[in-house]
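We count residues from 1, following the sequence as given. Whatever order the structure lists them in is the order used to number ligands and atoms, beginning at 1. Every heavy atom of this structure was used, including side-chain atoms; hydrogens, water molecules and symmetry mates were not. Being a predicted model, the structure only gives us computed values, none of them experimental.
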Amino acid sequence: MGTFSRGLNRRDVLWLLAYGSALASLGALPARAISSQPLVKAIPATGETLPVIGMGTWKTFDVGRDSRLLGHRMKILQTFFDRGGRMIDSSPMYGSSEAVIGYCLKQLSNTADPFTATKVWTWFSSQGPAQIATSQDLWDVNTFDLIQVHNILSWEDHLKTLRKGKEAGRIRYIGITTSHGRRHTKFEQIMRQEPLDFVQLTYNILDREAEARLLPMAAERGIAVIANRPFRRKALFHLFQNQPLPPWAPEIDCANWAQFFLKFVVSHPAVTCAIPATSQIAHMEENMGALYGRLPTQVERRHMIRYVESL
Ligand SMILES: NC(=O)c1ccc[n+]([C@@H]2O[C@H](COP(=O)([O-])OP(=O)(O)OC[C@H]3O[C@@H](n4cnc5c(N)ncnc54)[C@H](OP(=O)(O)O)[C@@H]3O)[C@@H](O)[C@H]2O)c1
C-alpha cells in the first residue's frame, strides 16, 4: 500500500482522521440497518425505473451447450433475479450468450421482470432486421426492452431500423454503445443529433473520461446511461483486492471491493445502471449487494477516487 496522504488535500485528511477516530472510539464499525428496497433510477425518456445494478454477458455467458455450464449459468441468473436484478445486456457479438440467456430464462421459474437489452452488430444495414429477428428467437421474446447499435457500427442505417421497430412496438427503447475511450467524438456527435433513449459507455473508478463530455451530454439530453466494464474487466480486482477497504466503507454500505467499485459508478448522477459480468455465483452475490443501502454523496465520491489513487 502506498502512502495514504498522496492525492489528499488538507480537508480530506481531516475528514479521514475524524472518521477514523470516531470509529476507533466506538471500538467497532457502526452497525447500520440497510434497506431491503433495491436502489433504482428513472429512465429519463419515460420515468420507468430500473435497478441500478444489471448484468453483462460478454464471455461469462458464452458457454455453448455444455449442460454443466448451462446449469451453473442458470444459478447465476437466478441469484441475479432473487437479489432484485432486471437488466440483462447481451449482443450477437457474444458468441452463444444470447442462446444461453434464452435457455436460462425458459428454465427458471422466478425471473421477476427481466429488462431485455441486446444489440445489433453488423456492417451491413440490410442484415440488421434479420439479426434482430434471430436475437428475438434466441431470447424467445416478441419485444426487446432495449436494442443498441453495438460500437456504433453502421449506426445511421441501424438507427433507422431500430426506430421502425420502436414504432411497430417490437422495441421499447433504442440506443448506441461504445467501449473504453473509443470513438468518443463520433459518439458525442450522435448523442447530440439523434433522439436516443439510452447510451452505453465505459465508466469505472479509474476510467472516468466519460465524465468530461458524454455524461453531461446524457444528462442534458435526457438519455439513460448504462455503464459497461465497471470493473475494467477484472483489472480493478487485480489492482486493489489485496488492499484494505477504507475504514469508512461501511458508511456507504460497501462490504467488499465489488460494492465499492459499483457504488462509485452508479452514484454518478447521470448514470442509470452498471452491468457487471460474472461467471461465479459468489461474485453475483457480492455485486448485487451494491443494489442496497445508500449511495455515496458527491463529496464521498471524491474520497473514493482519492483513496484508490493513494493505494
Ligand atoms: N461496446 C459495448 O457494447 C460493450 C463493451 C464492453 C462491455 N459491454 C457490456 O458490459 C458488460 C461488463 O463489462 P465486462 O464484462 O467487459 O467487464 P466487467 O464487468 O468490468 O468485469 C468482468 C470481470 O470481472 C470479474 N468479476 C465480476 N464480479 C466480480 C467480483 N465480485 N469479484 C471479483 N471479480 C469479479 C469477472 O470474473 P468472474 O467471472 O471470475 O466473476 C469478469 O472477469 C459486458 O459483459 C457486456 O455486456 C459492452
| said: Just to be sure I read this right, does ligand 1 sit under 4.0 Å from the backbone of Arg233, its side chain, both, or neither, counting only heavy atoms? | reply: both

| note | Logged contact type for Phe237 with ligand 1, heavy-atom cut-off 4.0 Å, is side chain

| query | Got a second to check how far Met191's CE is from Leu196's CG, nearest 0.5 Å? | reply | 7.5 Å

| said: Let me confirm one number: the CZ-CD distance from Phe115 to Glu48, rounded to the nearest 0.5 Å. | reply: 5.5 Å

In ligand 1, which numbered atoms sit nearer than 4.0 Å to a non-hydrogen atom of [X]?
X: Tyr94; value: 4 (C), 8 (N), 9 (C), 46 (C), 47 (O), 48 (C)
X: Thr178; value: 1 (N)
X: Lys119; value: 3 (O), 48 (C)
X: Asp89; value: 9 (C), 46 (C), 47 (O)
X: Thr57; value: 45 (O), 47 (O)
X: His150; value: 1 (N), 2 (C), 3 (O)
X: Asn151; value: 1 (N), 2 (C)
X: Gln280; value: 38 (P), 40 (O)

| Does Phe144 have Arg170 sitting over its ring (NZ/CZ under 6.0 Å from centre, angle to axis within 45°)? | no

| query | Should the pair Tyr203 and His268 be assigned to parallel (<30°), tilted (30 to 60°) or perpendicular (>60°) ring geometry? | reply | perpendicular

| Is the closest side-chain heavy-atom distance between Val149 and Lys119 below 4.5 Å? | no

| Lys59 and Tyr94, any side-chain heavy atoms less than 4.5 Å apart | no

N/O separation below 3.5 Å, [X] to ligand 1:
X: Ala277; value: yes
X: Pro230; value: yes
X: Ser279; value: yes
X: Pro276; value: no

| task | Could you state whether Tyr103 and Val141 fall into the same hydrophobic cluster, counting links through intermediate Ile, Leu, Val, Met, Phe, Trp or Tyr residues with side-chain heavy atoms under 4.5 angstrom apart? | result | yes

| query | Which of the listed options, Gln200, Arg229, Met288, holds the heavy atom that is closest to atom 6 (C) of ligand 1? | reply | Arg229

| Can you name the closest pair of heavy atoms from Glu286 and Gln259 and give their distance? | O-NE2, 2.9 Å

| said: Check Lys166 with Asp197, please: is the shortest side-chain N to carboxylate O separation under 4.0 Å? | reply: yes

| remark: The residue among Asn228, Asn151, Thr177 that forms side-chain hydrogen bond (donor to acceptor under 3.5 Å, both in side chains) with Gln200 is Asn228

